[in-house]
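No hydrogens, no waters, no symmetry mates; every other heavy atom, side chains included, goes into these values.
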Amino acid sequence: MPQRRTAKKDLRQNKKKQQNNLRTKQNLKAAIKKLKKSVESKDIPASKAALTDVYKALDKAAAKKTIHKNKAARKKSRLSKLVTKASSK
């Protein structure tokens with residue numbers, strides 16, 4: 001347990017930040033799972049709609065610095081490639 005007042009405050013802040021980051025990551029993970037499920041079931045309109053949700057979640061996570069902006073860009077690229085590949089079949 002922290003002894004000093006500032007250390008106690010830091011602990012409170014870190015707990016809040018951890019919860020926010022966890023919530024953001026869970027939303028992102030859920031959006032990606034939804035997208036992959038729709039691609040797997042070959043539902044093209046649903047997968048394109050899910051892709052926009054994933055883009056939104058990735059951009060929010062990158063803006064909040066929960067994930068790195070390059071990681072967000074990489075995931076966007078790979079997931080869009082997955083959707084275009086599924087829609088071309």
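- Just one of V54, D59, L51 meets the side-chain contact (heavy atoms from CB on, under 4.5 Å) condition when paired with K76; it is D59.
- Each of R74, K75, K69 was scored for a side-chain contact (heavy atoms from CB on, under 4.5 Å) with L58, with one residue passing: K75.
- Remark: D10 CG to R5 CZ distance equals 11.5 Å, nearest 0.5 Å.
- Annotation: Q13, atom CD; neighbour count of heavy atoms from other residues, nucleotides and ligands within 6.0 Å is above 12.
- Summarising the geometry, atom OG belonging to S87 is positioned 5.0 Å from atom NZ belonging to K48; distances are rounded to the nearest 0.5 Å.
- Taking CG of L35 as the start and CD of E40 as the end, the distance is 11.0 Å to the nearest 0.5 Å.
- N21 and T66 share a donor-acceptor pair across their side chains, judged by distance under 3.5 Å alone.
- Here the NZ atom belonging to K56 is positioned 10.5 Å from the CG atom belonging to N27, to the nearest 0.5 angstrom.
- For the pair R12/K15, no side-chain contact is recorded, criterion being any heavy-atom separation below 4.5 Å from C-beta on.
- In this structure, NZ on K64 lies 14.0 Å from NZ on K17, to the nearest 0.5 angstrom.
- A donor-acceptor contact shorter than 3.5 Å is absent between the side chain of S77 and the backbone of A73.
- Inter-residue side-chain proximity for L79 and V39 is flagged as unmet; no heavy-atom pair is nearer than 4.5 Å.
- Listed here is the closest heavy atom pair of K8 and Q3: CE-O, 3.7 Å.
- Listed here is the closest heavy atom pair of A49 and T52: O-OG1, 2.5 Å.
- For the pair I44 and A86, the tightest heavy-atom approach, listed with the atom from each and the gap, is CD1-O, 3.8 Å.
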